[in-house]
Amino acid sequence: MRLFDNPGIRGLSLGALDPYVRRQVRGTRPTILFFSAAGRTVPDFLARWVNGKGLTIVPVPDPADVEQRVLRSLPQLVVIDADGGPQGLALCARLKADSYSAIVPLAVLTSRHTTDRVQEWFSAGADEVISPLFEPTEQASRLDGLMTRTARDVAVNPSTRLPGTTEIEREIRRRMENGELFAVCYADLDHFKEYNDRYSYNDGDRVIYILSRILHDVVKGLLGNRGFIGHIGGDDFIFIIPFDAIPDVCGEVLEVFDTLIPYQYNEQDRRAGYYFGKDRRGQLHRVPLMTLSIGIVTNQHRRFAHPAQVSELATEMKSYAKTQPGSVFVVDRRHDPELDDDGTAGPR
């Protein structure tokens with residue numbers, strides 16, 4: 001089966017979008033860019049796969065235009081015709097050499113399968129190479145797998161490999177829909193900026209990684225699959241646990257944190273328990289060693305309609321926790337007026 005054997009697919013082309021028109025670029029995210037230096041049309045199996053996903057495929061004949069579109073709008077996928085000469089291989093290498101455009105998945109279609117040819121494309125950074133060696137159903141499955149892997153990869157924080165905001169929201173929603181009694185715990189480092197200023201961003205990254213391991217090891221060690229840990233970004237983390245596990249999990253997290261973090265300071269600062277730093281006005285003041293604040297929201301006395309409500313309250317509780325001295329966790333004890341003290345719905 002040849003990949004490029006149907007000259008009647010040209011109707012899929014929606015024409016070139018002006019990459020400089022902001023209004024149009026905003027709408028290009030759910031698109032697939034197809035590049036063929038030889039001017040080939042979109043192959044049948046790819047057309048069927050795109051239609052089944054409800055996406056739009058846009059043939060782009062100019063490699064510079066492809067780069068421009070990727071950098072401006074981050075499309076869902078870039079597909080390159082390998083039979084169009086060296087331009088495609090060079091385009092692949094340029095896209096994957098840029099850290100911003102490299103996150104866009106890139107698939108290569110070739111009408112002949114040789115080990116050297118496939119290896120050449122993978123060496124250039126291609127995420128998938130599809131050839132006639134695979135049946136059409138497997139070709140589509142390989143594209144499905146590529147998109148799934150990409151969605152998983154961009155859903156984690158690159159420094160800690162913990163799930164990011166998308167997965168955090170999905171986990172909160174899952175527990176809400178399952179009717180579970182849960183606690184969302186927002187953990188944030190205190191005096192982290194001052195630590196970065198005194199030491200280095202590399203030391204700061206190490207502290208963030210240590211905190212991620214503490215949270216992961218404690219939550220998973222005590223709860224297994226009943227616990228979830230996510231990384232919002234920077235020194236902000238979310239972990240979601242059953243309501244009745246709050247004292248054990250949070251107490252253990254704080255104890256391990258307070259034991260390990262002092263060793264991230266030099267001996268002089270560690271012995272003193274503080275160091276002198278400058279505030280925003282340039283005035284010297286004592287900066288204590290880092291502590292950890294955890295703000296906790298539960299659905300014990302609240303009924304949430306959306307994960308955004310949980311996020312808002314968790315942020316509020318985290319801010320309150322940071323006003324308390326030392327490493328602490330604080331639980332929101334407020335409840336919705338329409339709920340009784342036992343958490344059941346009261347009369348309206």
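Remember, it's a predicted structure, so these values are computed and weren't measured experimentally.
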Visitor: For F276, which residues count as a ring-ring contact (aromatic ring centres under 6.0 Å, His included) partner, sequence neighbours excluded?
Guide: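 Result, ring-ring contact (aromatic ring centres under 6.0 Å, His included) vs F276: Y274.
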
Visitor: Working to the nearest 0.5 Å, report the span between CD of Q300 and CZ of R333.
Guide: 7.0 Å

Visitor: Any side chain to side chain donor-acceptor pair (under 3.5 Å) pairs touching residues 310-322, not counting sequence neighbours?
Guide: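 For residues 310-322: D188-K322, D190-K322, E316-R334.
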
Visitor: Hey, does the side chain of Y275 reach the backbone of Y265 with a donor-acceptor pair shorter than 3.5 angstrom?
Guide: no

Visitor: Supply the atom-to-atom distance C185 SG to I246 CD1, rounded to the nearest 0.5 angstrom.
Guide: 6.0 Å

Visitor: Between V297 and L215, is there a shared hydrophobic cluster once you connect ILVMFWY residues whose side-chain heavy atoms come closer than 4.5 Å?
Guide: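 Shared cluster, no.
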
Visitor: Can you list everything that forms a side chain to side chain contact (heavy atoms under 4.5 Å, CB included) with L133? Sequence neighbours excluded, please.
Guide: H113, S131

Visitor: Given a cutoff of under 4.5 Å between side-chain heavy atoms of I, L, V, M, F, W and Y, with clusters grown through shared members, what are the other residues clustered with Y209?
Guide: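 Members alongside Y209: none; it stands by itself.
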
Visitor: Working to the nearest 0.5 angstrom, can you tell me the gap between D258 CG and L289 CG?
Guide: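 Rounded to the nearest 0.5 Å, the CG-CG separation comes out at 9.5 Å.
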
Visitor: With sequence neighbours left out, write down each residue that passes salt bridge (Lys or Arg N to Asp or Glu O under 4.0 Å) with E138, or none if nothing qualifies.
Guide: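 If we apply the salt bridge (Lys or Arg N to Asp or Glu O under 4.0 Å) test to E138, skipping adjacent residues, the hits are R142.
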
Visitor: Do S141 and D144 have side-chain N/O donor and acceptor atoms under 3.5 Å apart?
Guide: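 No - no donor-acceptor pair under 3.5 Å links their side chains.
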
Visitor: Could you note down all residue pairs passing ring pair (Phe, Tyr, Trp, His ring centres under 6.0 Å) where residues 156-193 supplies at least one of them, sequence neighbours left out?
Guide: none

Visitor: Taking all heavy atoms of S212 and all of L162, pick out the closest pair and write down the distance.
Guide: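 For S212 versus L162, the nearest heavy atoms are CB-CD1, 3.8 Å.
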
Visitor: Looking at A183, is its backbone amide N or carbonyl O close enough to the side chain of T298 to form a donor-acceptor pair, meaning the two atoms are under 3.5 Å apart?
Guide: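 Not confirmed, T298 side chain does not pair with A183 backbone.
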
Visitor: Any chance you could pull the hydrophobic cluster mates of Y201, using side-chain heavy atoms under 4.5 angstrom and chaining through other members?
Guide: none

Visitor: How would you list all residue pairs meeting ring pair (Phe, Tyr, Trp, His ring centres under 6.0 Å) that involve residues 236-257, not counting sequence neighbours?
Guide: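 Qualifying pairs, neighbours excluded: H231-F237.
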
Visitor: Short question: side chain of D83, backbone of S111 - any donor-acceptor pair under 3.5 Å?
Guide: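 Between the backbone of S111 and the side chain of D83 there is a qualifying donor-acceptor contact (under 3.5 Å).
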
Visitor: Test side-chain contact (heavy atoms from CB on, under 4.5 Å) on I294 and V328; report intermediate values, then the result.
Guide: CA-CA 6 Å; I294 305 175; V328 298; over 6 Å; no

Visitor: The criterion is salt bridge (Lys or Arg N to Asp or Glu O under 4.0 Å); which residues satisfy it with E194, sequence neighbours excluded?
Guide: none

Visitor: Find the distance between CD (Q76) and CG (L33) and round it off to the nearest 0.5 Å.
Guide: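 Here the rounded value is 10.5 Å.
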
Visitor: Transitively linked via ILVMFWY side-chain contacts under 4.5 Å: I168 with V218?
Guide: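 No; tracing contacts between hydrophobic side chains, which count when under 4.5 Å, never links both residues.
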
Visitor: Quick check: do I241 and R226 have side-chain heavy atoms less than 4.5 Å from each other?
Guide: no

Visitor: Does R270 offer a backbone N or O that forms a donor-acceptor pair with the side chain of Y263 under 3.5 Å?
Guide: no

Visitor: Give a yes or no on whether the backbone of A37 and the side-chain of D81 come within a donor-acceptor separation of less than 3.5 Å.
Guide: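 No, D81 side chain to A37 backbone: no donor-acceptor pair under 3.5 Å.
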
Visitor: Considering only heavy atoms from C-beta outward, does the side chain of F134 approach that of V129 to under 4.5 Å?
Guide: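 Contact flag for F134/V129 side chains = no.
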
Visitor: Shortest non-hydrogen contact from Q87 to P63?
Guide: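 Distance-wise, the nearest heavy atoms are NE2-CG, 4.0 Å.
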
Visitor: How many angstroms lie between atom CG of L223 and atom CD1 of I229, to the nearest 0.5 angstrom?
Guide: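 The distance works out to 8.5 Å.
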
Visitor: Apply the test side-chain contact (heavy atoms from CB on, under 4.5 Å) to residues I32 and T56: give CA-CA distance (whole Å), side-chain angles for both, the deciding distance (0.1 Å), then the verdict.
Guide: CA-CA 6 Å; I32 294 173; T56 299; over 6 Å; no

Visitor: Which heavy atom of V104 sits nearest a heavy atom of V78, and at what distance?
Guide: CG1-CG2, 4.0 Å

Visitor: State the CD1-CD distance between I130 and E128, to the nearest 0.5 angstrom.
Guide: 5.5 Å

Visitor: Quick one: does any side-chain atom of R302 pair with a main-chain N or O of V310 as donor and acceptor, under 3.5 Å?
Guide: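 It does not hold such a pair.
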
Visitor: So, using side chain to side chain contact (heavy atoms under 4.5 Å, CB included) as the criterion, who are the partners of N266 when residues are at least two apart?
Guide: R198, Y199, Q268, D269

Visitor: For E171, check side chain to side chain contact (heavy atoms under 4.5 Å, CB included) against everything at least two apart and list the hits.
Guide: R174, R175, F228, I240

Visitor: Hey, is the main chain of A305 close enough, under 3.5 Å, to the side chain of Q309 for a donor-acceptor pair?
Guide: yes

Visitor: Are side-chain heavy atoms of I103 and L74 found at a separation under 4.5 Å?
Guide: yes

Visitor: Considering residues at least two apart in sequence or located in another chain, which fulfil the side chain to side chain contact (heavy atoms under 4.5 Å, CB included) criterion with E177?
Guide: R173

Visitor: What I'd like to find out is whether the side chain of P136 reaches to under 4.5 Å of the side chain of Q139, using heavy atoms alone.
Guide: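 Contact flag for P136/Q139 side chains = yes.
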
Visitor: For the backbone of S101 and the side chain of D98, can you confirm whether one donor and one acceptor N or O come within less than 3.5 Å of each other?
Guide: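 Yes; judged by distance alone, with no hydrogens or angles, the pair exists.
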
